[in-house]
Amino acid sequence: MSAERATTESYSLTSEEEYRLDFPRLVIVFSVMLAVLLEIIDTSIVNVAIPTMMGNLGATLDEIDWVVTAYIVSIVIMLPMTGWMASRFGRKRYFVTSIGVFTAASLMCGASQTVDQLIFWRIVQGLGGGALMATAQAILVESFPPSKQGIGQAIFGIGAMIGPSIGPTLGGWLTDNYSWHWCFLVNVPLGIVAGALCATFLHDPPHLVRNPRGRIDWPGIALLVIGIGCFQTLLERGNKDDWFESPTIVWLGIASVVGLVGLVIRELSTDDPVIDFSILRDRTFALGCLLTMAGGFALFGVVFLFPIYAQTLLGWTAWQSGLGSLPPSLSTAITMAIMGRIIWHTGPRVLYLTGMVMMILTLREMATWTLASGWDDVLAGQTMRGVASGLLFVPLSAATLRALAPEDIAKGSGLFNLSRQLGGSFGIAILAAVLDRRSDQHKVELARHLSPFDASTRATFDDLARSFADRGLDEAGADFAARTVFDGMLSAQAMMESFYDAFFLMAVVFVVLFPLGLLVPKHMPGKLEAKAAARERAEREAAAPEPAEGGDGEDDRVGVSPA
């Protein structure tokens, strides 16, 4: 479908004349965003509780990692299916049911007594949560007219971008003050409220055509589970299992390639696809998916790197690193609120390009961090990251999804969110490998410049040994302690250098993709048509004859300008 046709047909969505910020619309926005926030927070809320869960459940680190992996994998599998599921069961029924499944699974996760039970219910929780993000974004696209589309996407973006930052902070507080069980139980009352409100106020759009008796593409679903599931598992487990040195990762790689290739072939050749890849023919939408994947690479990557830097190199606690994530969350929310209001006037392109430049400058600022950096030193980079995130997310999502025809928005939202999720997973996997590999390489390179015959090296070592001797250690003990501390200093500096490599890699991604940013639409979809319609309406009103004096009441009203 061409972009022109999609733009024209988009007027069957909420129009400027039909839009009213009434109570039902506010309730819908609140309830769908509450559901989205719950789903996104649960991707990171358990991370800080993992050590406590290991001790409580008697699980190994490898076993407890599956609590995180299982949830993300099941979400990624469901994301591209949301459009098909909504058309088969009805969007309201599917969305409310998904909230119910997510809430019930959260209750069972909190009640789990073994790690196997917890992993199983996390899978179920992800299957319910996978519908929430994509369906909620489609609902918000349809709830706002073209001129308010930026505001709708800003509301969605605040939940989508701030959720990962709030998760660790909330999880740490709940675990420290109550128990890890409350990381899941906190979802239950909020999920019930969201489900009840959506069941009461949400309605299926008129353009949604249900097909409850259509043929189910079971081969496509099987290939989707194999391809996407194995690929996401590979990304989640690859660095932990030393990538393709592990036979398991090799088999996951083979299965993901076979599954993904087979999925594309199957879905393009069947009359009833579970994933409609044909919407990628829309160039604006395809460009948006590519750019959001690259954006997810960097944005999720920075969110992943900061807690490691703060806790490993600066010695911050989990609570302190969580507080360090609040400035970017606040600056993201403020930026999105501003962008949502001005995007109709400025257009998506200039804002998105500004965001790309801002992110490059942010990564440059982060490359000035050191082992001695404190709160004041990291505040500027963290705040800049939040501003850049808001500039990148709102324009791209608003321009990409609003350009689609109404019947394609639900399908497009699933693929759009899948692209961002896979980009984020891909980025985290690559950056974790960069930290591990480059840290070892930098340590070797730094060690080459250190020699027991070098005066400065020897002086530093002697000062360390002397300080330990002054604390009561004998000569051998002081020497061993000095060597241990010296090696730790060397390892810390090597890891800091690997962080610089990671920041540089993310900056390169944005530099390489900057030319593609020039292809982002200059105007919001629907703006030119809305202007033309308003101009035509004004011309008709100006050309209408004046009402005749002394006519009857009905004639007097004919042709009278609303002004």
Side-chain angles (χ1 to χ4, degrees), residues 44 154 157-158 160-169 172 294-340 342 350-396 424 427-428 431 434-435 438 492-511 513-514 517:
S44 58
I158 289 173
M161 305 305 292
I162 293 180
S165 300
I166 295 177
T169 306
F297 178 99
L299 296 177
F300 281 79
V302 176
V303 172
F304 162 74
L305 290 176
F306 179 74
I308 299 176
Y309 165 73
Q311 296 180 45
T312 303
L313 299 181
L314 299 185
W316 291 10
T317 64
W319 172 247
Q320 289 173 322
S321 66
L323 290 178
S325 298
L326 288 181
S329 300
L330 295 176
S331 58
T332 297
I334 295 171
T335 303
M336 285 183 172
I338 297 173
M339 294 306 103
I342 71 172
V350 64
L351 296 179
Y352 186 78
L353 292 176
T354 303
M356 296 186 84
V357 173
M358 189 74 174
M359 182 57 74
I360 294 171
L361 295 176
T362 297
L363 295 167
R364 182 178 180 276
E365 171 67 22
M366 289 180 172
T368 65
W369 292 352
T370 67
L371 296 173
S373 294
W375 175 269
D376 294 338
D377 300 302
V378 304
L379 182 61
Q382 286 287 79
T383 304
M384 289 171 63
R385 172 169 71 85
V387 174
S389 299
L391 286 167
L392 290 170
F393 183 87
V394 174
L396 189 62
I428 291 173
L431 294 174
V434 167
L435 290 185
R438 294 294 293 168
Q493 184 59 45
M495 177 166 279
M496 192 70 249
E497 296 287 339
S498 68
F499 272 94
Y500 297 149
D501 293 335
F503 296 147
F504 177 76
L505 176 60
M506 288 185 287
V508 168
V509 171
F510 280 102
V511 171
L513 291 176
F514 189 85

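Computation of the quantities below employed the complete heavy-atom set of this structure, encompassing side-chain atoms and omitting hydrogens, waters and symmetry-equivalent molecules.
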### Heavy-atom closest pair, residues G355 and L392
C-CD2, 3.7 Å
### Query
About how many Å separate CG of D377 and CD of Q382, when rounded to the nearest 0.5 Å?
12.5 Å
### Message
Would you say that S373 contacts Y309 through its side chain, given a criterion of any heavy-atom pair below 4.5 Å between the two side chains?
### Response
yes
### Query
Looking only at heavy atoms, what is the nearest atom pair of L353 and G517, with distance?
CD2-C, 3.5 Å
Under 3.5 Å, which donor-acceptor pairs link side chains of residues 492-500 to any protein atom two or more places apart or in another chain?
{"from": "Q493", "atom 1": "NE2", "to": "E497", "atom 2": "OE2", "distance (Å)": "3.2"}
{"from": "S498", "atom 1": "OG", "to": "M495", "atom 2": "O", "distance (Å)": "2.5"}
{"from": "Y500", "atom 1": "OH", "to": "W369", "atom 2": "O", "distance (Å)": "2.4"}

### Query
How many angstroms lie between CE in M359 and CE in M506, if you round to the nearest 0.5 Å?
8.5 Å
### Message
With rounding to the nearest 0.5 angstrom, report the CG to CG distance, L396 to L351.
### Response
11.5 Å
### Message
Minimum heavy-atom separation for G390 and P395, please, with both atom names.
### Response
O-CD, 3.9 Å
### Query
Once you round to the nearest 0.5 Å, how far does CZ of R364 lie from CD1 of I360?
12.0 Å
### Query
So, do L305 and L435 sit near enough that their side-chain heavy atoms are less than 4.5 Å apart?
yes
### Query
Under 4.5 Å between any side-chain heavy atoms of V434 and L505, yes or no?
yes
### Heavy-atom pair of closest approach, residues E365 and A380
OE2-CB, 4.0 Å
## Note on the structure
Contacts of V387 meeting side-chain contact (heavy atoms from CB on, under 4.5 Å) (sequence neighbours excluded), chain-then-number -> S331, T335, M358, L391
### Query
What's the spacing between R385 CZ and T332 OG1 if we round to 0.5 Å?
7.0 Å
### Query
Tell me, do L513 and F297 make a side-chain contact under 4.5 Å, heavy atoms counted?
no
### OG1 on T383 to CG on L330, rounded to 0.5 Å
8.5 Å
### Task
In sequence, state the C-alpha distance, the side-chain angles, and the governing distance for V378 and W316, and then conclude on side chain to side chain contact (heavy atoms under 4.5 Å, CB included).
CA-CA 13 Å; V378 304; W316 291 10; 3.9 Å; yes
